[in-house]
Amino acid sequence: MALSLAVSPCPNDTFVFHALVHGLVPGAPPVDVTYADVDVTNTAAERGAFDLVKVSYAALPWLLDDYHLLPCGGALGRGCGPLVLTRGDRDPGQPDSSGRADLSGATVAVPGDRTTAYLLFRLWAAERPPARIEVVPFHEIMPGVAAGRYDAGLVIHEARFTYPRHGLTALVDLGEWWEADTGLPIPLGAILARRGAVDPEAAAGWIRESVRRAWADPAASREYVLAHAQEMEPDVVDRHIGLYVNEFTADLGDAGFAAVEALLGRAADAGLVPQTSSSLATAWTS
């Protein structure tokens, strides 16, 4: 029987999973793939909708009873954090004592209420939270900020490369803030395997082989990646893959797992997510 897999249509996911999806990984079962934004897969995973699924690390406290966290295939790194964007003509107000801009009266558009981007934003803005949060489809955030419908917008992925085209300014890079504060990489998207449906060790092996093949022959996945890249220019696609597919994609390692524990621990201490057992968050074969 085919395994059900849900990933985003973003270039990093299609690049990583090309070989697995196309039956090029020896010993792996056939895969029935669904493409959806991460806010959709976060919700679907709560229903146990997929055998393998890409979710936000911020969603793990609600999912680890039913899923194993795999140590590969996801998005985690340095210099790749979410951005808070404003219009260039907007006055951000006086910064607080730590130098953070004042958004206390602002309406901020975010791409999902259980995304890692929003969790990082809540940690960053804890002392001066915005007046209103609106969950907005990702592709509507930058145009909405540019048009003045929102005072600021929280963006991820390729928006790091394209936001100046919308006349927007980066108020803060939450990845830079996180790395300066913790010294750790930033955990964005995780790959989970549903307990009882797929062996996590085998799944990790299939995904690592898919990653290896992607790096060994990048041209093999080019047509597939571009077909799902949502009108993204080829040079942006290349920069996207280069940033988000890195050593942590092949293996989280000690630094990756430490980043996951730090994010979920800080969020739980702040009352933003349920407390998560460190064994569930890091012992992926448990």
Side-chain angles (χ1 to χ4, degrees), residues 8 10 36-46 54-63 75 80-160 162-163 166-178 181 186-190 263-276:
S8 81
C10 292
D37 289 339
V38 73
D39 59 315
V40 174
T41 59
N42 285 344
T43 302
E46 282 197 78
K54 171 79 170 286
V55 300
S56 300
Y57 273 105
L60 293 192
W62 291 274
L63 300 174
C80 60
L83 304 177
V84 180
L85 304 178
T86 61
R87 272 195 345 194
D89 59 355
R90 183 187 183 277
D91 180 2
Q94 293 299 313
D96 64 16
S97 59
S98 63
R100 299 176 195 178
D102 184 4
L103 292 173
S104 57
T107 297
V108 180
V110 304
D113 59 359
R114 286 191 182 172
T115 60
T116 304
Y118 183 43
L119 183 57
L120 286 167
F121 177 80
R122 293 173 78 190
L123 290 169
W124 173 78
E127 295 181 9
R128 288 189 178 184
R132 289 170 298 281
I133 293 292
E134 292 193 25
V135 176
V136 177
F138 175 70
H139 67 277
E140 296 179 11
I141 292 179
M142 289 192 293
V145 175
R149 290 192 295 276
Y150 316 108
D151 298 303
L154 181 62
V155 300
I156 53 176
H157 292 327
E158 69 276 2
R160 292 186 62 88
T162 61
Y163 72 85
H166 296 265
L168 303 179
T169 299
L171 188 66
V172 62
D173 183 324
L174 293 175
E176 289 182 359
W177 166 75
W178 171 263
D181 201 47
I186 182 169
L188 297 169
L263 176 68
L264 299 184
R266 288 185 175 208
D269 289 344
L272 302 178
V273 303
Q275 194 72 43
T276 304

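Heavy atoms only: backbone and side chains are in, while hydrogens, waters and symmetry mates are out.
Side-chain atoms of Pro61 and Thr276, non-hydrogen and from C-beta on, do get closer than 4.5 Å to each other. Between Thr162 and Met142 there is a side-chain heavy-atom pair separated by less than 4.5 Å.
Thr43 meets the side chain to side chain donor-acceptor pair (under 3.5 Å) test with no other residue; sequence neighbours excluded. Not counting sequence neighbours, the partners of Asp37 by the side-chain contact (heavy atoms from CB on, under 4.5 Å) test are Pro9, Asp39. Remark: Ala117 pairs with Pro82, Thr115, Leu154, Ile156 by the side-chain contact (heavy atoms from CB on, under 4.5 Å) rule, at least two apart or across chains. For the ring-ring contact (aromatic ring centres under 6.0 Å, His included) test, residues two or more places apart in sequence or in another chain that qualify with Phe121 are Trp124. Applying the side-chain contact (heavy atoms from CB on, under 4.5 Å) rule to Ala131 yields no partners; only residues at least two apart in sequence or on another chain are considered. Annotation: salt bridge (charged side-chain N to carboxylate O under 4.0 Å, His left out) contacts of Arg266 (sequence neighbours excluded): Asp181. For Asp173, the salt bridge (charged side-chain N to carboxylate O under 4.0 Å, His left out) partners two or more places apart in sequence, or in a different chain, are Arg160. Not counting sequence neighbours, Arg149 has no partner by the side chain to side chain donor-acceptor pair (under 3.5 Å) test. Residues that satisfy the salt bridge (charged side-chain N to carboxylate O under 4.0 Å, His left out) test with Glu140, not counting sequence neighbours, are absent from this structure. With sequence neighbours left out, the side-chain contact (heavy atoms from CB on, under 4.5 Å) criterion links Ala268 to Val273, Gln275.
For the atom pair OH of Tyr57 and CG of Leu120, the computed distance is 13.0 Å after rounding to the nearest 0.5 Å. To the nearest 0.5 Å, atoms CG (Leu263) and CG (Leu123) are separated by 7.0 Å. The structure places CG of Leu83 at 11.5 Å from OG1 of Thr169, a figure rounded to the nearest 0.5 Å. To the nearest 0.5 Å, the span separating SG on Cys10 from CZ on Phe138 amounts to 7.5 Å. We find the CG-CG distance between Asn42 and Leu63 to be 7.0 Å, quoted to the nearest 0.5 Å.
Side chain of Thr86 to main chain of Ala152: no donor-acceptor pair is present (N/O by atom type, distance under 3.5 Å, no hydrogens or angles). Distance alone, capped at 3.5 Å, is enough to place a donor-acceptor pair between the Asp151 side chain and the Thr107 backbone. In terms of modelled atom types and a separation under 3.5 Å, the side chain of Arg87 and the main chain of Leu168 share no donor-acceptor contact.
In terms of heavy-atom proximity, Ile141 sits nearest to Pro111 at CD1-N, 3.8 Å. The two residues Ala190 and Leu60 make their nearest non-hydrogen contact at CB-CD2, 4.3 Å.
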Self-check item: Audit row: Leu103, Val84, side-chain contact (heavy atoms from CB on, under 4.5 Å) steps and yes/no
Solution: CA-CA 11 Å; Leu103 292 173; Val84 180; 4.2 Å; yes
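Residue pairs meeting the salt bridge (charged side-chain N to carboxylate O under 4.0 Å, His left out) criterion with at least one partner in residues 113-126, sequence neighbours excluded, are Glu46-Arg114.
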